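Have a look at the structure below before the remarks.
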Amino acid sequence: MNNLLSAPARPEASVPEPARRRSRTEVVVTVIVVLAVLAAIVAGLSTHRFATIANAKAIITSASLVGIAALGLTLITIGGSAVSLAISPSVAAVGMIFLSAQSLGLVPALVLALACGILITGLQGAVVGYAAANPVLLTIATSFAIAGLATGISGGETVSPTGTGYDRLNATPGGVALSVYALVVLALILEWTLRRTAFGRTLYLIGENRRAAWAAGLPVGRTTAVAWFAAGALFAVTAAFTAAFNTSANVNLGGTLTFDAIAAVLAGGTPISGGRGSALRTLAGAVLIAAVSDILLLRGYSTGVQIMVKGLIVLLVVILVHLRAKGRNA
Amino acid sequence: MSPGEDLVRVDRLVKSFGNTRAVRAASFSVAAGEIHALCGHNGAGKSTVVKMLSGQEAPDDGAILIGDQVVDLRSRRVAQRNGVALVDQELSVVPSLTVAENLMLGDLRARWINRPRAAGRRLRTLLDSVGLAHVELDRPLGELGIGERQLIEIARALGQDARLVILDEPTATLSDVESAYVYEAIRNVAATGCAVLFVSHRLGEVLDLCDKVTVMRDGAVVATTPVAELTLDSLIVQMLGEAPLRLGRRTAADVEGAEVLTVSGLSVPGRVRDFSIALRAGRVYALAGQLGSGASDVLRAIAGLLPSASAELTVDGTAVRLGHPAGAIRAGIAFVSNDRKAEGLFLRRPVSWNLLATRLPQVTRLGVLDPRRWSEALAVLLDLCGLDRKRTTHAVGSLSGGNQQKVFVGRCLGRDDVRVLLLDDPTRGVDVGGRAAIHALLRDATDRGMAVLFSSTELEELGDLADVVVTMHQGEVVRRHEGDTADTVLLREMTHGASTALVEERP
C-alpha cells in the first residue's frame, strides 16, 4: 500500500502556504537589523583604534569567559528551562575548589572542577527535568545555598592557589588567550551536537512543547538533565579560566556573570521561551556585547554608560525576536 | 413586555467559514419567559448561532432583533450591553476568588471603587434566585462543588441584567443531582421574564425542561416545535433526517485476531467508572459519547496521560503501568490526542522533524543523525500519509488542519512496534478530503494487524469505520454494538444513556 491519498483531490494544494508570504513585520525587523549592523560598522570604523588586530583580540578575549558560560546557558534555554540564576555562585564555588586543588596538579584539579560543576548544576537539572520544578525559582534558591555553603567552608576567606599549574591556563599561544580557543572549539562542538545528534533534536522539541514531547514518549527528564550536566561542565570551564586569571578566588569570583551570560544568550537572538537558538548565535551575542562595550570604552564613555547600553542591546534584540516570531505566526 | 411576546428574533442568519456554509438562513424566535432549546447533531450549526448571538462572530447576512430592535453585536461586551448573557461549556469562574468576587467578574457596572454593602445585597438576591441561599458571599469558590460553580456562572449571567440567557451545554460535565439544581435555576430565570436559549446534547433534559425546541441540521433550521408535540424519537428523526437506518457496516468476523489490549476496571475519579474492554488485532473499535461522557478520558488514561486513573492494562499479555506516556509507547500504545496543538505536534518545526520525532533512535547511529536513514524513513512516512515531498521543510503550523492531523497520525504509524492505535476524535476540525485520508490511514493500520480504538460523536464516522461501537454516557458504558445498529439507537444512547426503554433494535 503506497499513497493512500491518491483518490481524493487536495483542494488546499492551490492555496498558497501562509508561511511563504513575508509579512510586513518581518520586513520591518529585517530592515532594523540591517540598519543596526550598518550603524555598528560605521561606529566601529569611525572609532580610533577600533579596527586593529590588537583590539579585535581584546574584544574576543573579554568575550571568551562570559561566552563559555553563555554556551552552557544556551543549552538550558533551548531546552525550555528558561535560565539558571545560579551561574555566578556555581562558578565561584568551582573556582575556589579548582585553586585549592592545585597541589594535585593541573589535570586532576581540572577533572575535579568539572566533576563538581557537573554535580552542582546537574542536580538542579535533574530536579527540573524529572520533577518539573520551575527553573527560575529553583536556581534562586540554590544560588543562595551554594553561596552560603562556599562562604561557610572557606570561612569567607579568599582562596589562594596551592600550586602553580593553573598558570598554564593563562597561556597565549599565537598571541591569543587560551580561553578564546576554548570558546571557539566548545561553540563548534556544541553547535554540531545541537544540529546533528538525537540529543540536540530532542532538546529543541522539548523546548518548543514540553507537554507534547512528554505525550510523545520522548525522554524529557533525561534530556533536560543531560543539558544541565553539560551546562555545569561549561560553567566549570569558565570557573577554571576565571580563577586562573585572577590567581585567587572568593565567593565573589562570579561577579555579574549570571546576567552577563543571560545577556549574551538573549543578544544572540535565542528566545527565552525555548525551542530555538544555537551555540553560534550565543557566540555572536557575546562578541556583540563585548564589541559595543569596547567601542564605548575607546570613545571614553563611563562604565555606567557601557552597562546601560548593554541593557539597551538586550532589550532591542528581545523585542526584534518577539516581533519576528509574531510576524511568522500572523 | 409581557410573557409570550417574542423577545429575541433571529432572522435569516447566514454565516460561512471559507467554503463551508455553517449557517444558512436560520430563523427562529424566543419569547420572554420561554425556555427554548437549540438542538442538532455535531456540525449542525448551533454553536455558530450561539457565537453570533453572543457577539463572538459577525453574521454574513440576516439580522438579530432584541425587543423589536435590530442589534449589531460586534463583541461579547456589546452583546452583554444589549442584554445577552452567555454561560459557556467551559467554566470561567476563578476558584481562588470568593463567590462575591466571581459574581462581579466582568460586570459592566463594576466601578473603580466598590461599595461592598450595596453590592452585597444585590449579589445576595442573585444567589437566592439560583437556589444558592445557603452559600455565603465571602466563601472561596474553590470550596464549592462543580454544580454549584455552574450555578454561580448562571447567577453571574443574570446579574448582568440579561434579557436573553444562553446556556451552552451547561450540564455536560455534571451529575444528575447537580443538573437538577441547574434546571431549577433555569426555571427561575425564565420565570423572571428572561428568554432562555438552551443548547444541549442531552435530549431527555431538553424534553423535560424546555417549552419549545428548534432543531438545526446542516446549517438550516428544520423546525421549531412545542415540546408537547415531541417525543424522544421524533426529535431524533428531526435531527438526523430521513432514512436513519444504516446498513452495510463492515462485518469483520473473518479477520478476528488475537487479543492485543485488555483493559479492566478502568476508573478516573469523577470521569469514568469501571470501564473494561478487550481489543483484537485487525479490528476497529469506537467509543461513542458526547462531551463529558468519559470516552476521551478512557483513551487518555490508556495512553498514560492521566496520572489519577487506575486500571489493569495488558498489551499482548504483558501488564502495563498507567500514568507514564513513555511506558505506554514502549508497550506499543500510540495515542493521537484531540488537542494536537498542546500535546501533539511541534508547530514551529518542519514536517520532517514532527514525523520523525518519536523515531530518533531508528534514524541515528550512536546518537548521531544518519542523513541516509533519516531521508529513507521520511520518504516511507510521507508516502504513507500522502503528504507532498515539497512540504517536508514547511513548519507544521503552516499546514491546514487536515494535513496537520495526517502528520500526527502518520507519526504513530509505519512502524511495527505499534500494537494499539488510540485516536481521540481524530477528524475534529478536519475537512472532507483530510477526513477520507485519515480514515484510509486507520484501515491501513488494521491491515497491518494493529487494533484501533477511537472516540467520536459523528454517526457517519462511527458507521463507516468501526467494527464494534461502545456507547458511553456520563462515565459509564451504555452498550456494546457489533454488526448493524441504527443511528437512532446510537444517538439515543449517547444522549440519553440506558435509562429509558430502547426502541426496537436489530440484532
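In what follows, chains carry the letters A, B, and so on, assigned in the order in which the sequence lines appear, proteins first and then strands, with residues in each chain numbered from 1. These numbers come from a predicted model, not from an experiment.
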Look at atom [atom1] of [X] and say whether more than 12 heavy atoms of other residues, nucleotides or ligands are closer to it than 6.0 Å.
X	atom1	result
L35(A)	CG	yes
D370(B)	CG	yes
R373(B)	CZ	yes

*Do R196(A)'s NZ or CZ and the ring of W374(B) fall within the cation-pi criteria of under 6.0 Å and 45°?*
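Geometry flag: not set, cation outside 6.0 Å or 45°.
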
*asked:* So which atom in L345(B) and which in A212(A) form the shortest heavy-atom distance, rounded to 0.1 Å?
replied: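 Taking every non-hydrogen atom into account, O-CB, 4.2 Å.
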
*Non-hydrogen atoms of P325(B) and A215(A) that approach each other most closely*: CB-O, 3.9 Å

_Quick check for you: to the nearest 0.5 Å, what is the distance between L205(A) atom CG and L360(B) atom CG?_
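Those atoms lie 7.0 Å apart.
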
Select one option (side chain, backbone, both, neither) describing which atoms of [X] are under 4.5 Å from chain B's heavy atoms.
X	value
T202(A)	both
R195(A)	backbone
L218(A)	side chain

*Check whether any side-chain N or O of R349(B) sits under 3.5 Å from a backbone N or O of G275(A) as a donor-acceptor pair, and report yes or no.*
yes

*Is there a donor-acceptor pair under 3.5 Å between the side chain of N209(A) and the backbone N or O of E343(B)?*
no

*Pick from Y204(A), W214(A), W192(A): which one has the most heavy-atom pairs with chain B under 4.5 Å?*
W214(A)

*With a 4.5 angstrom heavy-atom cut-off, which part of L356(B) approaches chain A: side chain, backbone, both or neither?*
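Neither part, no heavy atoms under 4.5 Å.
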
_Interchain contact, A342(B) with chain A, by part (heavy-atom threshold 4.5 Å)_ = backbone

*Return the set of residues passing side-chain contact (heavy atoms from CB on, under 4.5 Å) with V185(A) (not counting sequence neighbours), or none when no residue passes.*
I189(A)

*asked:* Taking side-chain contact (heavy atoms from CB on, under 4.5 Å) as the definition, give me every residue that meets it alongside A303(B), ordered by chain and number, with sequence neighbours left out.
replied: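 Checked A303(B) against side-chain contact (heavy atoms from CB on, under 4.5 Å); matches are L305(B), F335(B), L422(B).
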
